[in-house]
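Notes for the one structure printed next.
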Amino acid sequence: MSVVIFNNPRCSKSRQTLQLLQENGVEPEVVEYLKTPPSKARLEQILKILGLTPRQLMRNKESEYKEQGLADESLTQAQLIDAMLATPKLIERPIVINGDKAAIGRPPENVLEIL
């Protein structure tokens with residue numbers, strides 16, 4: 001089983017989710033996505049697995065969201081994906097992927113459903 005967590009160690013939910021995985025016997029591959037953002041293809045794959053639109057995966061409370069005018073409804077899916085790739089802080093966290101399943105660890109217990 002290859003489990004991946006897109007993690008921000010400064011985020012309490014990310015830390016709690018990683019700890020929960022480990023407590024359940026899972027040692028995931030940890031990707032610090034702020035240092036190593038996903039590729040465009042990977043982000044598109046994550047969105048597809050989660051069944052979310054780019055806007056649904058964005059942290060719309062971040063100042064960068066407002067500064068970049070990302071609330072603009074006329075922006076295309078591709079433009080929103082490009083914004084997340086350029087500013088990975090905008091990507092909701094933590095995301096856990098297990099094969100063809102994925103979950104956002106908000107709350108951390110959400111990820112138990114895909115193990």
Side-chain angles (χ1 to χ4, degrees):
M1 176 167 75
S2 176
V3 176
V4 177
I5 181 170
F6 287 85
N7 188 37
N8 175 353
R10 295 182 60 192
C11 166
S12 64
K13 294 291 183 220
S14 287
R15 290 192 308 271
Q16 290 167 10
T17 300
L18 179 57
Q19 181 180 353
L20 187 63
L21 289 170
Q22 292 167 333
E23 287 170 357
N24 280 274
V26 177
E27 273 305 328
E29 173 190 344
V30 177
V31 176
E32 288 191 32
Y33 71 96
L34 295 179
K35 294 179 183 173
T36 312
S39 67
K40 184 172 188 171
R42 181 70 162 148
L43 184 56
E44 288 171 343
Q45 176 194 34
I46 290 167
L47 286 164
K48 184 177 178 186
I49 295 172
L50 286 168
L52 297 177
T53 65
R55 190 175 305 282
Q56 291 172 312
L57 191 62
M58 294 182 99
R59 296 175 58 82
N60 59 16
K61 303 277 191 276
E62 296 292 344
S63 59
E64 290 84 352
Y65 184 85
K66 293 172 186 63
E67 290 163 8
Q68 294 178 34
L70 297 172
D72 182 345
E73 292 295 329
S74 70
L75 293 173
T76 66
Q77 304 290 331
Q79 288 172 309
L80 295 173
I81 287 171
D82 288 344
M84 286 191 280
L85 295 172
T87 312
K89 183 179 180 187
L90 291 168
I91 301 172
E92 187 57 87
R93 61 185 181 251
I95 300 168
V96 176
I97 299 169
N98 181 11
D100 62 354
K101 296 180 280 193
I104 298 173
R106 289 186 173 273
E109 293 74 26
N110 281 355
V111 303
L112 296 177
E113 297 170 14
I114 65 164
L115 298 181

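Just so you know, these numbers come straight off a predicted model, no measurement behind them.
Rounding to the nearest 0.5 angstrom, the gap separating the CD atom in Q68 from the OG atom in S63 is 9.0 Å. Atom NZ in K66 sits 6.5 Å away from atom CG in N60 (nearest 0.5 Å). A distance of 11.0 Å separates OG1 of T17 from CZ of R93, quoted to the nearest 0.5 Å. With rounding to the nearest 0.5 angstrom, the OG1 atom of T87 is 7.5 Å from the CG atom of L70. Taking CZ of R55 as the reference point, atom CD1 of I81 lies at 12.0 Å (rounded to 0.5 Å). Here OG of S39 is found 8.5 Å from CD of Q45. Values are rounded to the nearest 0.5 Å.
Heavy-atom neighbours of K101 NZ from other residues, nucleotides or ligands within 6.0 Å: above the threshold of 12.
Between Q56 and I104 there is no side-chain heavy-atom pair separated by less than 4.5 Å. At least one side-chain heavy atom of M84 sits less than 4.5 Å from a side-chain heavy atom of M58. No side-chain heavy atom of N98 sits less than 4.5 Å from a side-chain heavy atom of V111. When side chains are defined from C-beta on, R42 counts as touching F6, because their heavy atoms get closer than 4.5 Å. In this structure, the side chains of E32 and L34 stay at 4.5 Å or more apart for every pair of heavy atoms. When side chains are defined from C-beta on, Q77 does not count as touching L47, because their heavy atoms never get closer than 4.5 Å. Within the 4.5 Å cutoff, the side chain of L20 has heavy atoms near those of the E23 side chain. A heavy-atom distance below 4.5 Å is found between the side chains of L57 and I95.
The two residues Y33 and P38 have their closest heavy-atom pair at CB-CD, 4.4 Å. Of all non-hydrogen atoms in Q16 and P108, the two that sit nearest each other are OE1-CG, 3.5 Å.
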Pair D82-K40, side-chain contact (heavy atoms from CB on, under 4.5 Å): steps then yes or no:
CA-CA 8 Å; D82 288 344; K40 184 172 188 171; 3.4 Å; yes
Could you walk me through whether L90 and L80 pass the side-chain contact (heavy atoms from CB on, under 4.5 Å) test, one step at a time?
CA-CA 10 Å; L90 291 168; L80 295 173; over 6 Å; no
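No continuous path of hydrophobic side-chain contacts links V4 to I114 [ILVMFWY only; heavy atoms under 4.5 Å]. L21 and V31 are not part of a single hydrophobic cluster, where members link through side-chain heavy atoms under 4.5 Å apart. Both L75 and I91 belong to a common hydrophobic cluster when Ile, Leu, Val, Met, Phe, Trp and Tyr are linked at side-chain heavy-atom distances under 4.5 angstrom. Both L112 and L18 are part of a single hydrophobic cluster, where members link through side-chain heavy atoms under 4.5 Å apart. The cluster map of Ile, Leu, Val, Met, Phe, Trp and Tyr, joined by side-chain heavy atoms under 4.5 Å apart, puts L52 and I5 in different clusters.
With hydrogens and angles disregarded, no donor-acceptor distance shorter than 3.5 Å links the side chain of R106 to the backbone of P94. Of the possible donor and acceptor atoms, none in the side chain of N24 sits under 3.5 Å from a partner among the backbone N and O of V26.
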